[in-house]
There are 2 protein chains.
Amino acid sequence: MNAANQEIKRGRKYGQVLNGAWEVFRRDGFEGASVDDIARESGVSKATLYSYFPDKRLLFLEVAKGECCRQATESSDLIPCKAAPVTVLTGAATRMVDFFLSDFGMRVFRICVAESDRFPELGREFYRNGPALARARLVDYFHEAEARGELRITDKDLAADQFAELCKADLFSRLVFGIGGPISAEDRARVITGAVETFLARYGVAG
Amino acid sequence: MNAANQEIKRGRKYGQVLNGAWEVFRRDGFEGASVDDIARESGVSKATLYSYFPDKRLLFLEVAKGECCRQATESSDLIPCKAAPVTVLTGAATRMVDFFLSDFGMRVFRICVAESDRFPELGREFYRNGPALARARLVDYFHEAEARGELRITDKDLAADQFAELCKADLFSRLVFGIGGPISAEDRARVITGAVETFLARYGVAG
DNA sequence: GAAAAGTTGAACTGCCCGGTTCATCTTTTC
DNA sequence: GAAAAGATGAACCGGGCAGTTCAACTTTTC
């Protein structure tokens, strides 16, 4: 992470541009964001912006990549522990729900979906740095728990995907399609405990 | 459904425009579609198009609404039967997977997500005419099956959402984010049977 | 068969936006 | 403190697109 390893960045206000651009992109999407807006938001002239990035596309890609990395590193601290599966899974479910209900999660998802034709690599990059990590961590935990005789799972990849999917029940559609009012703490609790119970009904070891 | 109940439509080529517009919208999205393209695709002059619809937005809304209705009516034929839950649920899962893996399902989803800021009512309309119907049908079936002693479900709404969500495991991310190659019949079968098994592990009646 | 209703194509307006240019100003560097 | 590097802003270009207009043409209607 020394200062000279990036071939693109030169000049003092590189960071400002990335921050401002991310702000505008996540507010207006790729097409919706105008370069003038980004320059204004960044507190930087358009000429300066274009001295950093050859075009809007590249700027967007750089912003998205950086943001994904940031998110990935800062959420990778919590690791599976030896508590009872109910506890561990409830914790994991809570974090997942927190993430995709967050402003950030939702906006990134929206942009990925909307712009996936223009930027096929964007969706992959996001998945790799987000959902894929969570999934890998879950699978690791499954192995440990199975070794301890707490779970019994043959297809661990599928199980991890199912668990993640169960956490989205109801909540996700409501958010994506704008159904129902704001999501209350009770709504979240209902889905989380429901997910854990269903998951354990299938993969938990009786007793 | 008489011919004169629509206040907007007048003129011979109304249908052509709707068809052509849907074609272009689903290919290029809302922003990506140009009105000239739509007119060309519809085999209609721009002037004619604008004589039907005051602007692009209204045209899009009308197209989307119509398409949702069409989809809703033509998929509402299959109803829950008295077969064993495994059979019924497998059938339901297959239909759900078929739908959201279809070109249509994916495109509508993409447009809804991308355009939900511009058209909040669009997402709601789609959900009402699509997922909500499937959910209601599932809940109905749950009632019947429970009366027959085949299932035991307290929160039937949540169960329906969970089932739908389980059907998306793995497949959905792959499609949305463009991960992995094309989805094979084996992939689908794996997810479908997995969904049914997990669901029945939780809500099925032992024996 | 003539009037009315509908359709056409093409040109035109106005706007927004991505990207460029440049003379001038500020900061860094030594 | 002067040269070099970076930043400025405002003007400008070119292109694409939504929406308008209109005189000529086709179809419907009675």
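A, B, ... follow the sequence lines: proteins, then strands. Residue 1 opens every chain.
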If the sugar-phosphate is the primed atoms plus P, OP1 and OP2 and the base is the rest, what is the B/S/- string for nucleotides 17-23 of chain C, using protein heavy atoms under 4.0 Å? SBBBB--
Does the side chain of A:Ser45 get closer than 4.0 angstrom to OP1 or OP2 of D:dA7 through an N or O atom? no
Check the orientation of B:Phe99 and B:Phe126. Use parallel for under 30°, tilted for 30 to 60°, and perpendicular for over 60°. parallel
What is the distance from CD of A:Gln16 to P of D:dG6, rounded to the nearest Å? 16 Å
Can you say whether the rings of A:Phe172 and A:Phe100 are parallel (under 30°), tilted (30 to 60°) or perpendicular (over 60°)? perpendicular
Quick test of your reading of the model: are B:Asp187 and B:Arg190 salt-bridged, counting only N-O distances below 4.0 Å? no
Check the distance between D:dT28's P and B:Tyr14's OH and give it to me in whole angstrom. 20 Å
Determine whether the side chains of B:Arg188 and B:Thr94 contain a donor N or O and an acceptor N or O closer than 3.5 Å. no
Going by distance alone, is a donor N or O of one side chain under 3.5 Å from an acceptor N or O of the other, for A:Thr48 and A:Ser45? yes
Parallel, tilted or perpendicular for A:Phe109 and B:Phe177, by the 30°/60° rule? perpendicular
If only side-chain N and O atoms count, and only distance matters, is there a donor-acceptor pair under 3.5 Å linking B:Gln162 with A:Thr198? yes
Would you kindly give the CZ-to-P distance between B:Arg40 and D:dA18, to the nearest whole Å? 12 Å
Overall bend of the helix from C:dG1-D:dC30 to C:dC30-D:dG1 (five pairs an end, 10° steps) is 30°
When rounded to whole Å, the CZ to P distance for the pair B:Phe60 and D:dA18 reads 13 Å
In this structure, how many angstroms lie between the C1' atom of D:dA7 and the OH atom of A:Tyr52, rounded? 8 Å
Round to a whole Å and report the spacing from NZ of B:Lys13 to C1' of C:dT8. 8 Å
With under 30° as parallel and over 60° as perpendicular, where do the rings of B:Phe119 and B:Phe60 fit, or are they tilted in between? tilted
